[in-house]
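In what follows, every heavy atom counts, from backbone to side chain, and hydrogens, waters and symmetry copies are set aside. Remember, predicted model here, so these are calculated numbers, not experimental data. Starting from 1, each residue takes its place in the sequence as its number.
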Amino acid sequence: MAELGWADITTAAGRLRVALSRCVYEPSDDSLLAIDAMVKLKEMGRTYEAVLDLGTGSGVLALASLLLFRPRRLAAVDISPYAVECARATLGPDAAVIQCDGARCLSGGWDLIILNPPYLPSSDIPHDECDFWEFMAWSEGANHERLCRDAAEAGNEVLIVRSSLSSFNVDSCLRNEGLHMDEVLASRRFFMEELRVELWNRFSVKK
């Protein structure tokens, strides 16, 4: 495995200490925006007993959800062995960090699924192993659809990061599984794209 480093990241949920690896997507603007959205959920009084971070990467979103919601059941999943190693270091040796392609290796439903999916246009697949796994973390391809579908099937609520650069029809993916858009919890415009974090809900439609 690649050598791990550490970073202290200032977020809306506080200062988070996260393990990093050359082979793993580092927390960036999209990660911070997702944490902003979780903080807003906390301020709204939302609570969650079971939380899944799907495509966890470094584990930063799982760590933020643990601090904010104190769920009884928390799992972090990623297809990359390097991400699993990072997330396990970030969350601690007793955390449920699982190497899996999506959520179907887990049983049961989830009150909240956090999904910061790969949403950028794909390019040539790199040959270097570390570059390949980092590429998988951001390259849309079929990865976005698979993770979205799994989240929609297993989550009562889905907190999803969306980019204006994505070509995937997230609305259709989530609505086909009976979810409805609740609200946009956070958004930010950059030079090349707009990011926003939406909350989708299985049980009610926001008026």
Within a strict 4.5 Å, meaning less than it, do heavy atoms of the [X] and [Y] side chains meet?
X	Y	answer
Val77	Thr56	no
Tyr25	Met136	no
Pro27	Leu32	no

- Task: Mind jotting down which residue pairs meet the disulfide bond (SG atoms under 2.5 Å apart) criterion with at least one end in residues 64-93? Sequence neighbours excluded, please.
- Result: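 Matches after skipping sequence neighbours: none remain.
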Margin query: Strictly by disulfide bond (SG atoms under 2.5 Å apart), give each pair with a member in residues 90-129 just once, sequence neighbours left out.
Written below: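 Every pair satisfying disulfide bond (SG atoms under 2.5 Å apart) with a residue in residues 90-129: Cys100-Cys105.
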Got a second to check how far [X]'s [atom1] is from [Y]'s [atom2], nearest 0.5 Å?
X	Y	atom1	atom2	answer
Glu49	Phe69	CD	CZ	12.0 Å
Ser21	Glu85	OG	CD	6.5 Å
Leu74	Asp53	CG	CG	7.5 Å
Glu145	Cys173	CD	SG	7.0 Å
Cys148	Asn143	SG	CG	12.5 Å
Leu16	Ser31	CG	OG	10.5 Å

Could you pull out all donor-acceptor pairs under 3.5 Å where a side-chain atom in residues 112-119 meets a protein atom, sequence neighbours excluded?
from   : atom 1 : to    : atom 2 : distance (Å)
Asn116 : ND2    : Asp30 : OD2    : 3.3
Tyr119 : OH     : Asp30 : OD2    : 2.9

Can you name the one residue among Leu159, Leu67, Leu199 that meets side chain to side chain contact (heavy atoms under 4.5 Å, CB included) with Met38?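 With Met38 as partner, side chain to side chain contact (heavy atoms under 4.5 Å, CB included) holds for just one option, Leu159.
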Query raised in the report: Going through the checks in order, is the side-chain contact (heavy atoms from CB on, under 4.5 Å) test met by Leu179 and Arg202?
Result: CA-CA 4 Å; Leu179 276 76; Arg202 188 172 302 283; 3.1 Å; yes
Hydrophobic clustering (ILVMFWY, side-chain heavy atoms < 4.5 Å, transitive) - are [Y] and [X] grouped together?
X	Y	value
Met44	Leu33	yes
Ile79	Val161	yes
Trp133	Phe135	yes

What closest approach, in Å, do [X] and [Y] show between heavy atoms, and which atom pair accounts for it?
X	Y	result
Ala83	Val24	N-CG2, 3.5 Å
Gly102	Asp150	CA-OD2, 3.3 Å
Gly109	Ala50	O-CB, 4.4 Å
Phe168	Ser166	N-OG, 3.1 Å
Ala87	Val97	CB-CG1, 3.8 Å
Ala152	Leu174	CB-CD2, 3.7 Å

Pairing residues for Ser187 by the side chain to side chain contact (heavy atoms under 4.5 Å, CB included) criterion, not counting sequence neighbours: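 Result, side chain to side chain contact (heavy atoms under 4.5 Å, CB included) vs Ser187: Val184, Glu194, Arg196.
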Walk me through whether Leu61 and Ile35 qualify under side-chain contact (heavy atoms from CB on, under 4.5 Å). CA-CA 7 Å; Leu61 299 185; Ile35 294 173; 3.6 Å; yes
Checking [X] now: which residues fulfil side chain to side chain donor-acceptor pair (under 3.5 Å) with it, not counting sequence neighbours?
X	answer
Asp171	Arg162
Glu157	Arg46, Tyr48, Asn201
Thr11	none
Asn176	Ser172

Exercise for the section: Would you check, one step at a time, whether the test side-chain contact (heavy atoms from CB on, under 4.5 Å) holds for Leu63 with Leu91? Expected result: CA-CA 6 Å; Leu63 179 59; Leu91 296 168; 3.9 Å; yes
Pair listing, side-chain hydrogen bond (donor to acceptor under 3.5 Å, both in side chains) test, anchored in residues 34-44, at least two apart: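 Found none.
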| message | Listing request: all side-chain hydrogen bond (donor to acceptor under 3.5 Å, both in side chains) pairs with a residue in residues 89-103, at least two apart in sequence or in separate chains. | response |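 Those involving residues 89-103 are Asp101-Arg146.
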query: Is there a side-chain contact (heavy atoms from CB on, under 4.5 Å) between Val18 and Glu26 once you walk through the steps?
result: CA-CA 9 Å; Val18 177; Glu26 290 191 18; over 6 Å; no
Next item on the list: For Ile125, look at atom CD1 and say whether over 12 heavy atoms of other residues, nucleotides or ligands are found less than 6.0 Å away.
Entry: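 Not more than 12 within 6.0 Å, no.
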- Message: Please check if the number of heavy atoms outside Arg15 that lie under 6.0 Å from its CZ is greater than 12.
- Response: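 Buried by this count: over 12 neighbours within 6.0 Å.
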- Partners of Arg17 by salt bridge (Lys or Arg N to Asp or Glu O under 4.0 Å), sequence neighbours excluded?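 Partners of Arg17 under the salt bridge (Lys or Arg N to Asp or Glu O under 4.0 Å) test: Asp8.
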- request: Mark yes or no: Arg175 above the aromatic ring of Trp200, with NZ or CZ under 6.0 Å from the six-membered ring centre and no more than 45 degrees from the axis.
  value: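 No.
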Qualifying salt bridge (Lys or Arg N to Asp or Glu O under 4.0 Å) pairs, either residue in residues 126-137, two or more places apart:
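Only Arg22-Asp128, Arg22-Asp131 qualify under salt bridge (Lys or Arg N to Asp or Glu O under 4.0 Å).
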Gly57 backbone acceptor or donor facing Asp78 side chain under 3.5 Å:
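At least one qualifying donor-acceptor pair exists.
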